[in-house]
Amino acid sequence: CEMCIRDRTITALTFTGGLMFNGFKQLGTSPINLSGSGSINVKSGSEIRGDLTVSAGRISVLGGEFFEEVFFNQTGSFATQGEGSPVFHKDVEFKCSGTGAFQLNYPYTTFTYHEDLILNNASGGLQLGYAGTHAVKGDVIYKGAYNINGWSNKIVLNGTLNQAIKREHSFTPTILRLDINKPSGIAVLETPLVVLLDLSLQKGELHTSAFNLLTLGSAPTITGGSDSSYVVGPLSRTGTSAFTFPLGGNGSYAPLGIDAVASSCTFKAIYIAEDPDSLYPRSQKDTTLDFVNRCGYWNLDRTSGTQNTKVTLGWSNSPCFAPSPADVKLSNWNNNSWNNSGDVSYQGNSQFGKVSMLNNYSGSYPLVANLTGICYKVVTFKTNYDTLIYGLSGIVFLTPGNPKEVKLEVDNSLVYAGQDSIIEFTNFSNNSNLKLKYTEQQGCDHAFEKTLKAKKGSNCKINSETNPRVSCQCGTEITNISQI
């Protein structure tokens with residue numbers, strides 16, 4: 001039946017049989033309190049505009065729209081199952097204090113929560129629902145004397161503000177699937193959490209910590225992972241198959257991969273998007289390494305098991321690291337210096353890529369690893385012959401571009417200080433002395449000096465020993481500037 005009531009028509013009701021809200025529409029906003037040993041069903045089309053408190057033997061939420069705070073407490077011994085697509089605009093708490101299972105939404109439907117979702121498993125029977133989805137824009141709060149069935153599925157965090165998953169008991173919550181799809185704000189774990197099957201990173205950061213650790217199942221599916229969505233903080237996984245930890249920080253995706261191992265091991269990985277220099281000085285490095293990445297580093301710990309594995313490090317749009325993958329090396333901190341981790345294989349390009357060890361890492365754990373590379377040593381200078389009789393003009397080209405700091409002196413006078421990779425300057429003589437100092441974003445320092453000569457012609461005069469892969473930019477005259 002369809003029922004329409006006015007404000008205060010129903011404010012409190014005690015019942016013993018069944019009560020169904022089918023197209024029920026509350027015209028006012030007074031609180032409604034319902035209690036009894038019977039069953040309550042709320043179906044689609046119903047609109048509850050005041051606070052709703054329900055304590056009943058059996059509760060099935062099959063739809064409806066709830067505009068104020070809601071509290072459902074199932075007290076009976078019979079199992080129930082919800083479905084449909086209800087919408088909750090304010091906080092909602094589901095409590096199970098009876099002995100029967102209280103399964104919120106079993107079929108492939110979605111419950112939508114615009115504020116907090118509170119899961120109170122007081123007696124052990126509360127379940128999210130194996131095939132249902134809970135899309136939450138507020139916090140998810142676990143409470144009660146019992147943990148929730150680990151095969152409950154799935155939670156989507158899709159709010160625009162910061163969101164948290166937290167607990168008010170001592171258990172570690174376990175869910176089947178977690179989806180991070182936030183237009184803005186971050187998601188934070190304020191409790192340890194186990195995700196058994198699927199972790200989807202579509203948009204937004206998921207922040208963890210050593211105490212509030214995210215642990216994945218033995219063979220999880222990772223969907224997404226990009227510059228706009230990754231895990232910030234430690235991530236743990238136990239198993240034998242190859243796996244990629246979807247890590248990142250400061251707007252850059254920085255995954256860490258491990259190969260398959262013969263017996264089960266637990267590996268915990270974290271990417272620290274900070275300069276390692278204060279803990280692991282970048283200047284203390286093997287002579288085969290030109291530089292150590294200053295934007296971040298990785299920590300991989302084997303917390304159980306004995307197997308060794310190959311390690312793969314990836315980068316994406318890093319402001320400190322954009323060489324060709326062919327130039328990339330892996331390094332690891334060993335007691336007091338960065339060591340060359342040996343030969344690697346590589347994929348990708350200068351914007352994103354990954355490099356892998358060719359052999360298993362066999363050193364001690366935790367492994368502190370980083371990317372290293374070649375310091376490019378190419379500067380080209382172009383003089384304009386046509387202006388020779390009026391006073392020379394020149395252009396300096398820095399390769400690669402995007403320098404961190406540049407200083408240019410002509411005849412011991414500073415003519416430029418900044419971050420440009422193409423520098424134009426004038427008013428020097430045919431035999432002026434040019435000095436250039438610049439630091440690349442990855443930390444390479446360069447110093448060059450050249451006595452300028454203007455010569456007519458259009459041939460590129462590049463010293464091939466400096467960097468044979470660089471193609472010169474021909475003009476009226478290009479002269480290579482040798483490194484001091």
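Just so you know, these numbers come straight off a predicted model, no measurement behind them. This chain uses plain numbering: 1 for the first residue, then up along the sequence.
D277 and R294 are not joined by a salt bridge, as no carboxylate oxygen comes within less than 4.0 angstrom of a charged side-chain nitrogen.
No donor-acceptor pair closer than 3.5 Å links the side chain of N120 to the backbone N or O of F94. Although no hydrogens or angles enter the test, the distance criterion places a donor-acceptor pair under 3.5 Å between the side chain of Y361 and the main chain of S364. Under the 3.5 Å distance criterion, the side-chain polar atoms of N317 are left unmatched by any main-chain donor or acceptor of F352.
Taking the six-membered ring for Trp and thresholds of 30 and 60 degrees, H89 and F67 have nearly parallel ring planes, at less than 30 degrees apart. Using the six-membered ring where Trp is involved, F88 and F72 have ring planes that are perpendicular, over 60° apart on the 30 and 60° scheme.
For the pair P276 and N370, the tightest heavy-atom approach, listed with the atom from each and the gap, is CG-ND2, 3.9 Å. Residues S229 and Y253 share a closest heavy-atom pair of O-CD1, 4.5 Å. The shortest heavy-atom contact between P183 and G159 is CD-O, 3.6 Å. Taking each heavy atom of L213 and L235 in turn, the nearest pair found is CD1-N, 4.1 Å. Nearest heavy atom pair, residue I59 against residue A56, reads CG1-CB, 4.0 Å. Scanning both residues, K25 and G45, for their nearest heavy atoms gives NZ-O, 3.1 Å.
To the nearest 0.5 angstrom, N33 atom CG is 8.0 Å from L52 atom CG. Separating the SG atom in C265 from the CD atom in Q307 is a distance of 5.5 Å, to the nearest 0.5 Å. Atoms CG and CG, on L247 and L256 in that order, are 6.5 Å from each other to the nearest 0.5 Å.
Here ring pair (Phe, Tyr, Trp, His ring centres under 6.0 Å) pairs that include residues 162-205, with residues two or more places apart or in two chains, are H169-F171.
Side-chain N/O atoms of N73 and S97 include a donor and acceptor closer than 3.5 Å.
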Practice task
Please test L119 against I148 for side chain to side chain contact (heavy atoms under 4.5 Å, CB included), starting from the C-alpha separation and ending with a verdict.
Solution key: CA-CA 8 Å; L119 302 166; I148 291 181; 3.6 Å; yes
Exercise for the section: Determine, stepwise, if the pair K90 / D51 fulfils salt bridge (charged side-chain N to carboxylate O under 4.0 Å, His left out). Expected result: CA-CA 9 Å; K90 297 292 181 68; D51 291 342; over 6 Å; no
Exercise for the section: Might you work through the side-chain hydrogen bond (donor to acceptor under 3.5 Å, both in side chains) test for S341 and N332, ending with a clear yes or no? Expected result: CA-CA 6 Å; S341 297; N332 66 282; 3.0 Å; yes
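For H134 and Y113, the distance between ring centers is under 6.0 angstrom.
Remark: N162 engages no residue in a side-chain hydrogen bond (donor to acceptor under 3.5 Å, both in side chains) (not counting sequence neighbours).
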